[in-house]
Amino acid sequence: MTWYDGKRVLVTGGAGFIGQHLVRELLERGAEVAVLDDMSTGRPGNLAPHPRLTVEEGCVTRLPDPGPVDMIFNLACRASPRHYQADPVGTWRASVYGVEQVALLAEKHGARLVHTSTSEVYGDPEVSPQREDYVGHVNPVGPRSCYDEGKRAAETLLYDLHRTTGLPVRIARIFNTYGPGMAADDGRVVSNFVVQALKGVPLTIYGDGSQTRSFCHVRDMVAGLLALGGTEGIDGQIINIGNPGEFTIGELAEKVAALCNVPLVVSPAPLPADDPRQRRPDITKAQSLLGWAPKVPLDEGLADTMAHFRDVLALA
Ligand code: UDP
C-alpha cells in the first residue's frame, strides 16, 4: 500500500516520454489516472488501455476540469530544444499560462501538486554541481529562453502561491533524462546518438564535445517524482532530480558507438547558441528529504535505450 493507492491523479503531459512511465507506475500503485496531453510530442500509443486510465487530448492553457483529484503531476511542456524552439511562444504559454491553470485547478480541488521544472533554470551555470539555492545564469532573450525563463516564471508563480495561499506544491528540477520510450525524432543527444549508431551514420557532435551533461535513466526519474509526490511534510520544497554522474558529450558518443559495436565516426556541427557548458545536479536534498538516489548506471541505461530503439527502427 502506497500513498497513491485509491487516489485520483491528473497527469498533464502524461502521454509524453516521462509521462508514459509515470502513468504506468501510478496505475501499478492503485491510482485512478486522468491524462491530459496535447499530443504535440506525446503519442496516444504510449499509453496502454487500462480500466483506471482516461486520456483526453487538450492543452494546459485551456485546462478542462477532470472533476475531483487528489494530486496533479504537471509534466505538460515540450522539453527537447528541437521541439520547444519550433514553437517558442507556445512553449512559453504552456509554461506560464498553463501552469497558472494547473495551480487554479489544484486550489479548486485541494489537490497536491507536483510540478516538473528543469535544470535549465540554472542556465549556463557558473558553479558545479548545481544546488537548489543557486539562482542561475540565464539569457532572457536567447533561443532557449522560452523554456528556461518560462520554467523560471512558473516556479515564481507556484512559490508565491505556496507562500500566500499555502498551495501544497512540490517542484522537481529535472536533469537530462533518457531511456526506453523516447521518440526517434526527439532531437536530444542520447536518442540522436543511439539512433545514428544503429543506422550506421556519423554521430552529430555539436561543438567540440567537451560540454557536459548528467544523464538520468527514466526509471530513476519516475521513482524520484513518485517520492516527491508521496512524501509528507515537504510542501514548498524545490528538489533536483537527476543523476550526478557527469560525462562530456564526446564521452557519451564513445560509449554509444562502443555499445552499438560501430566505429566512432563524427559529423561535427556548430555548438548551438547558449548551449550550457556544464550541468550536474547536487542531489543532497533529494537524498535527505526523499530518501531517493538514482540507481541505473549510464552503461546499463544506454543498453536498454539501445534495445528500445532497435525495436522502434525495426518497426519503421
Ligand atoms: N548535442 C549534440 N548532438 C546532438 C544533440 C545534442 O552534441 O545530436 C549536445 C547539445 O549541444 C548539448 C548536449 O548534447 O550540449 C545535450 O543536448 P540535449 O538537446 O540532449 O539537451 P539539453 O541539455 O541541451 O537541453
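Order of appearance sets the numbers: ligands from 1, and atoms from 1 within every ligand. Computed from a predicted model, the values in this text were never measured in an experiment.
Around atom 17 (O) of ligand 1, the closest heavy atom drawn from Asp148, Asp208, Val189 belongs to Val189.
Using cut-offs of 30° and 60° for the angle between ring planes, the Tyr159 and His162 rings count as tilted. The aromatic rings of Phe175 and Tyr122 lie tilted to each other, with the angle between the two planes from 30° to 60°. Between Tyr147 and Tyr84, the two ring planes are parallel [angle under 30°; tilted spans 30° to 60°].
In this structure, the side chain of Asp274 does not engage the main chain of Arg144 through any donor-acceptor pair within 3.5 Å. Counting only distance, with no hydrogens or angles, the side chain of His109 and the backbone of Gly67 share a donor-acceptor pair below 3.5 Å.
Ligand-side atoms of ligand 1 in range of Pro272: 11 (O), range being under 4.0 angstrom from any heavy atom. Remark: ligand 1 atoms within the under-4.0 Å shell around heavy atoms of Pro81 are 19 (O), 25 (O). Atoms of ligand 1 lying under 4.0 Å from any heavy atom of Arg279, numbered from 1 in the order shown and given with element: 22 (P), 23 (O). Annotation for ligand 1: atoms under 4.0 Å from non-hydrogen atoms of Glu120 are 25 (O). Interface atoms of ligand 1 facing Ile205, defined by a heavy-atom separation under 4.0 Å, are 7 (O). The atoms of ligand 1 that sit less than 4.0 Å from any heavy atom of Asp275 are 10 (C), 11 (O), 12 (C), 15 (O). Close approach of ligand 1 to Arg144 (heavy-atom distance below 4.0 Å) involves ligand atoms 22 (P), 24 (O), 25 (O). Which parts of ligand 1 touch Asn192 is read off a 4.0 Å heavy-atom cut-off, strictly below it: atoms 4 (C), 5 (C), 8 (O).
Counting protein heavy atoms only, atom 16 (C) of ligand 1 is closest to Arg213 NE, 3.6 Å. Closest to atom 13 (C) of ligand 1, if we only count protein heavy atoms, is Ile249 CD1, 3.7 Å. Of the protein's heavy atoms, Thr204 O, 2.5 Å lies nearest to atom 3 (N) of ligand 1.
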Query raised in the report: So Thr212 and Glu246, side-chain hydrogen bond (donor to acceptor under 3.5 Å, both in side chains) or not? Walk me through it.
Result: CA-CA 6 Å; Thr212 69; Glu246 184 179 14; 2.6 Å; yes

Report task. Output, in order, the C-alpha distance, side-chain angles, deciding distance and verdict of side chain to side chain contact (heavy atoms under 4.5 Å, CB included) for Leu252 and Phe215. Result -> CA-CA 10 Å; Leu252 178 73; Phe215 300 100; 3.8 Å; yes

Report task. Start with the C-alpha gap between Glu107 and Thr165, add the side-chain angles, then the distance that decides, and say whether side-chain hydrogen bond (donor to acceptor under 3.5 Å, both in side chains) holds. Result -> CA-CA 9 Å; Glu107 279 182 335; Thr165 71; 3.2 Å; yes

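An N or O contact shorter than 3.5 Å is missing between Gly187 and ligand 1 by distance. The distance criterion of under 3.5 Å between nitrogen or oxygen atoms is met by Tyr206 with respect to ligand 1. For ligand 1, the polar-atom distance check against Asn176 finds a nitrogen or oxygen pair separated by under 3.5 Å. Considering backbone and side-chain N/O atoms, Arg188 never comes within less than 3.5 Å of an N/O atom of ligand 1.
Glu300 has a carboxylate O that lies under 4.0 Å from a charged side-chain N of Arg219, or vice versa, which qualifies the two as a salt bridge.
Side-chain atoms of Arg82 and Asp186, non-hydrogen and from C-beta on, never get closer than 4.5 Å to each other.
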